[in-house]
*Asks:* 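What follows is a structure written as structure tokens; I'll ask about it next.
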2 protein chains.
Amino acid sequence: MSLSTAEEQLMQLLWKREKAFMKDLIEEYPDPKPATTTIATLLKRMQDKKFVDYKQYGRSREYYPLVKKTDYFSKHVNGLIKNFFNDSAGQFASFFTRETDLSQKELKELREIIDSQLKTKQS
Amino acid sequence: MSLSTAEEQLMQLLWKREKAFMKDLIEEYPDPKPATTTIATLLKRMQDKKFVDYKQYGRSREYYPLVKKTDYFSKHVNGLIKNFFNDSAGQFASFFTRETDLSQKELKELREIIDSQLKTKQS
DNA sequence: ATAATTATTCTACATTTGTAGAGTTAATTC
DNA sequence: GAATTAACTCTACAAATGTAGAATAATTAT
């Protein structure tokens, strides 16, 4: 089960703050802010889907993610790779570096990373 | 407007064949194949969304994509980058090379690409 | 011609998603 | 301690999605 668009957006906010009360999450939204009940519903559904949980503090709940952003993200990318690149990460990577507008600095950084990875794999 | 999951799946098939009659598309599905009416509905919706069009041949239609796979794909990745990496492609790239299991060969290829891109940007 | 087949449209309906009002319970203020 | 506020839950409802039957139109086989 995965998150819907609205849920994912909310999840982003939660990832950003690590943990938060509903109140705080709503504040993060730009105007016009959604109704509290809207967010309550989303949070409930996200609980059902096992993406968040909470700690009760008095009458309010502090929500926190059950899924790491990077994990969630990886799944996404892997889905994309599977669909669009025949399950070849390499194919994806080359497409990506070609199509995306990386600055010279970014490209160099990336090469650094690759070099260090190559070294690691060497041994 | 973007494609729903089922529509996207169908779109993949259409991209694969460049163009196809409904019949052919249905054949590509693994069993249990969807009802023809299901596919017809999806194709209709995809037309409305301007993702496909068709040429009439006698009583049947040969469908073809209006959107290139790479363009569609780019939009996806850019969405991901925006959401997960604060709109920094570089951040995404480094995450990607770190997290994905690229083989040594793939890494080398990738470095080649980066080098050639660096050269291009130099001038 | 008539029956069977094919391709498409129209209609339908359950599920999921986006959004929020109304009601309930507990805490806070006057 | 009565009124107000805060935090949730329950219910609702419209729009989007997934799926397909029934109806229609055209085509081919008998």
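Order of the sequence lines sets the chain letters (A, B, ...), proteins ahead of strands, with each chain counted from 1.
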*Asks:* Could you give the CD1-to-P distance, from A:Ile39 to D:dT9, as a whole number of Å?
*Replies:* 14 Å
*Asks:* Nearest whole Å is fine: how far is C:dA7 P from B:Tyr63 OH?
*Replies:* 11 Å
*Asks:* Between C:dT17 and A:Lys49, is there an OP1 or OP2 to side-chain N/O distance shorter than 4.0 Å?
*Replies:* yes
*Asks:* Under 4.0 Å between a side-chain nitrogen and a carboxylate oxygen: does that hold for B:Glu28 and B:Lys33?
*Replies:* no
*Asks:* Using the closest heavy atom to pick a nucleotide of DNA chain C for each, name whichever of A:Lys33 or A:Gly58 lands nearer the 5' end.
*Replies:* A:Lys33
*Asks:* Just to confirm, is there a sub-4.0 Å distance from OP1 or OP2 of D:dT9 to any side-chain nitrogen or oxygen of A:Arg61?
*Replies:* yes
*Asks:* Could you give me the CA-CA distance, side-chain angles and deciding distance for A:Tyr72 and A:Glu8, then say whether side-chain hydrogen bond (donor to acceptor under 3.5 Å, both in side chains) is met?
*Replies:* CA-CA 10 Å; A:Tyr72 182 79; A:Glu8 192 177 296; 2.8 Å; yes
*Asks:* Whole Å only: how far is the CG atom of A:Leu10 from the P atom of C:dG18?
*Replies:* 11 Å
*Asks:* Remember a base hit wins even if backbone is also touched, and classify B:Ser4 as base, sugar-phosphate or nothing at under 4.0 Å, heavy atoms.
*Replies:* sugar-phosphate
*Asks:* Considering just the side-chain nitrogens and oxygens of B:Thr41, establish if one lies under 4.0 Å of OP1 or OP2 belonging to D:dG18.
*Replies:* no
*Asks:* Calculate the interatomic distance between A:Gln56 atom CD and C:dA27 atom C1'; express it in whole Å.
*Replies:* 13 Å
*Asks:* Ignoring the backbone of A:Arg59, work out which of C:dG18, D:dA20, C:dA27 is nearest its side chain.
*Replies:* C:dA27
*Asks:* What is the distance, to the nearest angstrom, from the NZ atom on B:Lys44 to the P atom on D:dA16?
*Replies:* 16 Å
*Asks:* By the definition side chain to side chain donor-acceptor pair (under 3.5 Å), identify the one residue from A:Arg45, A:Gln12, A:Lys49 that meets it with A:Glu7.
*Replies:* A:Lys49
*Asks:* In terms of side-chain heavy atoms of B:Arg45, which of C:dA20, D:dT19, C:dT17 is nearest?
*Replies:* D:dT19
*Asks:* Give a yes or no on this: more than 12 heavy atoms of other residues, nucleotides or ligands lie within 6.0 Å of atom CD of B:Glu18.
*Replies:* no
*Asks:* Using atom CG of B:Leu25 as one end and atom C1' of D:dT19 as the other, report the distance to the nearest whole Å.
*Replies:* 17 Å
*Asks:* Can you find a side chain N or O atom of A:Thr37 that sits less than 4.0 Å from OP1 or OP2 on C:dG21?
*Replies:* no
*Asks:* Please work out if A:Ala40 contacts a base, only the sugar-phosphate, or nothing of the nucleic acid, heavy-atom cut-off 4.0 Å.
*Replies:* base
*Asks:* Nearest whole angstrom, please: distance from the C1' of D:dC8 to the CZ of A:Phe21.
*Replies:* 14 Å
*Asks:* Measure the distance from OH on A:Tyr54 to P on D:dA7 and round it to the nearest whole Å.
*Replies:* 15 Å
*Asks:* Nearest to the side chain of A:Met22 - D:dC8, C:dA27, C:dA20?
*Replies:* D:dC8
*Asks:* Under 4.0 angstrom, heavy atoms only, what part of the nucleic acid is B:Thr38 near: base, sugar-phosphate, or nothing?
*Replies:* base
*Asks:* Search all heavy atoms of B:Tyr64 against all heavy atoms of B:Lys55 and return the closest pair with its distance.
*Replies:* CE2-N, 4.0 Å
